[in-house]
Amino acid sequence: MEIRAAAIRGIDRLIDDLGGDGAGLLAEFGVSPGDLDSDHGLLPAVTAGRILRRATKKLDCPDLGLRLAAYQDMSMLGPLALAVGNCDTVGEGLDCASRFLFVHNQGIRLSRAEDPERYAGVGAVEYRMLHPDTPYEPQTIDAGLGLLHRNLITMSGGYELLGVYMPHPPLTDESVYTEFFGAPVRFNTGRALLRVPAKLFVQPMSTPVNPELRRMVVEYLEAHYTDPRDSVTTTVRSAVGRALGTVPARIDLVAAWLHIHPRTLQRRLAQEGTSFQAILDDVRKNAAHRLLTGTDMPFSQVASLVELAGQAALTRAARRWFGRTPTQVRRDAKRIPLSPRVGQS
């Protein structure tokens, strides 16, 4: 899956400021600074994550994602920034971003959400990874949620952030996160979101808006881009990914969520050249790889989270998926693999 190279815009300058060689590090992955400065440059999502991981290790900078967010602003969204910035309210701007964010990055989505702590007058903005084929990279989450916070400040002219949920453990001292966000941060929550006053959603944009410009940009985006989430396969993969480890990932449950009959769902998947079982197996494979390479979680717990019947079943599945045992997969992940060049998947 390819994303806009602008997603990591500024990483070369950040690396330079930290005493490294930004252009040189990008070149290791077949990327140039010009690719990042273009609104049209693309690179594989996996490469973007590997660049952040490589820079983090080489510079010994565990808060690299947060630092990158401080180098970026809404302009990295290209034409979408014009549409979002010319909405009447912050909530409408978020809805616009949610609708068209696939133009910038097909693997993530923004959405309004209920406050996970269920306080009256409090809402949330959730940052969600959609594509199970994209390896989980904590620095990417830090950068994305950090940039969302900065963009909300720009859109509102300043707002009260009530709390932050991070899906992973802190990558550096927790005080670094608290200082960046200016609010309490909870870790290992399984979700990436900002808790905000519900009134933020109806707050007018902080700068004058041009409804006609917004209309023109939205019409352009509608005419030139198709949301890949319209694919039944992509929708089912997302649903299975959310279900895995929380509720049984069964076709009847997923079909009920999508408001269609299970046989109809299976038929539509067949028309797209796949099946529910194939999707479930692939999502399990990617989830297992993420948990094996990105955490020190016991193998029995990994098996449970991907709905396999114990460690022995995980070992058999890992041999089928990766040609290696779970121990070997975890050990090999400590070495940074060679990355595909720009334009490759």
Side-chain angles (χ1 to χ4, degrees), residues 3 5-37 43-73 76 105 107-108 127 129 134-150 164-189 192 289-297 327-342:
I3 63 174
I8 56 170
R9 181 177 293 169
I11 188 67
D12 52 327
R13 295 186 291 276
L14 172 58
I15 293 170
D16 290 344
D17 289 347
L18 292 172
D21 177 6
L25 190 145
L26 290 178
E28 295 179 25
F29 295 84
V31 181
S32 73
D35 295 326
L36 310 188
D37 291 333
L43 79 163
V46 67
T47 299
R50 286 170 172 165
I51 288 172
L52 293 185
R53 195 186 329 153
R54 174 67 170 158
T56 298
K57 184 174 181 180
K58 194 167 187 176
L59 298 167
D60 189 22
C61 182
D63 62 337
L64 187 84
L66 296 178
R67 289 175 182 258
L68 178 59
Y71 271 67
Q72 297 179 328
D73 56 35
M76 64 179 289
N105 187 332
I108 59 176
Y127 179 96
M129 302 296 294
T134 303
Y136 184 83
E137 177 51 61
Q139 293 290 357
T140 300
I141 301 295
D142 282 11
L145 206 59
L147 180 60
L148 173 60
H149 170 55
R150 284 172 47 81
V164 181
Y165 274 38
M166 282 287 182
H168 51 255
L171 306 181
T172 186
D173 192 272
E174 293 184 18
S175 63
V176 175
Y177 286 87
T178 303
E179 181 178 356
F180 179 91
F181 287 104
V185 182
R186 294 180 59 181
F187 299 93
N188 295 309
T189 62
H289 189 271
R290 173 174 62 82
L291 294 170
L292 290 172
T293 61
T295 75
D296 293 322
M297 189 177 292
T327 299
Q328 291 170 327
V329 172
R330 180 163 284 173
R331 182 196 63 205
D332 293 347
K334 299 185 183 301
R335 297 194 297 268
I336 298 177
L338 292 176
S339 298
R341 298 179 66 85
V342 172

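Annotation: side-chain hydrogen bond (donor to acceptor under 3.5 Å, both in side chains) contacts involving residues 7-17, sequence neighbours excluded, comprise Arg9-Asp39, Asp17-Tyr71. The salt bridge (Lys or Arg N to Asp or Glu O under 4.0 Å) analysis of residues 173-184, with sequence neighbours excluded, yields no pairs.
For the pair Gln139 (side chain) and Gly65 (backbone), a donor-acceptor distance under 3.5 Å is present. The backbone N or O of Gly34 sits nowhere less than 3.5 Å from a side-chain atom of Asp37 that would complete a donor-acceptor pair.
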For this session: Could you give me the CA-CA distance, side-chain angles and deciding distance for Glu28 and Arg50, then say whether salt bridge (charged side-chain N to carboxylate O under 4.0 Å, His left out) is met?
Result: CA-CA 11 Å; Glu28 295 179 25; Arg50 286 170 172 165; over 6 Å; no
For this session: Report the C-alpha distance between Ile8 and Leu43 in whole Å, list the side-chain angles of each, state the deciding distance to 0.1 Å, and finish with yes or no for side-chain contact (heavy atoms from CB on, under 4.5 Å).
Result: CA-CA 10 Å; Ile8 56 170; Leu43 79 163; 4.3 Å; yes
Problem set entry | Chi angles and distances behind the side-chain contact (heavy atoms from CB on, under 4.5 Å) call for Met166, Arg186 | CA-CA 6 Å; Met166 282 287 182; Arg186 294 180 59 181; over 6 Å; no
Exercise. Checking side-chain contact (heavy atoms from CB on, under 4.5 Å) for the pair His168/Asp142: CA distance, chi angles, key distance, verdict?
Worked result: CA-CA 10 Å; His168 51 255; Asp142 282 11; 2.9 Å; yes
For this session: Run the numbers on Arg67 and Phe180 for side-chain contact (heavy atoms from CB on, under 4.5 Å), then give the verdict.
Result: CA-CA 9 Å; Arg67 289 175 182 258; Phe180 179 91; over 6 Å; no
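Rounded to the nearest 0.5 Å, atoms CG (Leu66) and OG1 (Thr172) are 8.5 Å apart. If you take CG on Leu36 and CG on Leu26, they are separated by 5.5 Å, rounding to the nearest 0.5 Å. With rounding to the nearest 0.5 angstrom, the OH atom of Tyr127 is 8.0 Å from the CG atom of Leu145. How far CG of Asp73 is from CG of Leu147: 8.0 Å, rounded to the nearest 0.5 Å.
Looking at every heavy atom in both residues, Arg330 comes nearest to Leu291 through NH2-O, 3.3 Å. Smallest separation of non-hydrogen atoms from Leu64 and Leu52: CD2-O, 3.5 Å. Scanning all heavy atoms of the two residues, the minimum distance from Arg150 to Gln72 falls at NH2-O, 2.9 Å. Listed here is the closest heavy atom pair of Ile11 and Leu68: N-CD1, 3.7 Å. Looking at every heavy atom in both residues, Ala192 comes nearest to Ile141 through CB-CG2, 4.0 Å. The two residues Ala48 and Ile3 come nearest to each other via the heavy atoms CB-CD1, 3.9 Å.
Within the 4.5 Å cutoff, the side chain of Cys61 has heavy atoms near those of the Leu18 side chain. Inter-residue side-chain proximity for Asp332 and Thr293 is flagged as unmet; no heavy-atom pair is nearer than 4.5 Å. Residues Leu25 and Ile51 are in side-chain contact: their nearest non-hydrogen atoms beyond the backbone lie under 4.5 Å apart.
Ionic pairing of Arg290 and Glu137 is not present here: no N-O contact between side-chain nitrogen and carboxylate oxygen is shorter than 4.0 angstrom.
For Asn188, the CG atom counts as densely surrounded, since its 6.0 Å shell holds more than 12 non-hydrogen atoms of other residues, nucleotides or ligands.
Every residue two or more places apart in sequence or in another chain that forms a ring-ring contact (aromatic ring centres under 6.0 Å, His included) with Phe181 is listed here: His149.
Between Tyr177 and Phe187, the ring centre distance stays below 6.0 Å.
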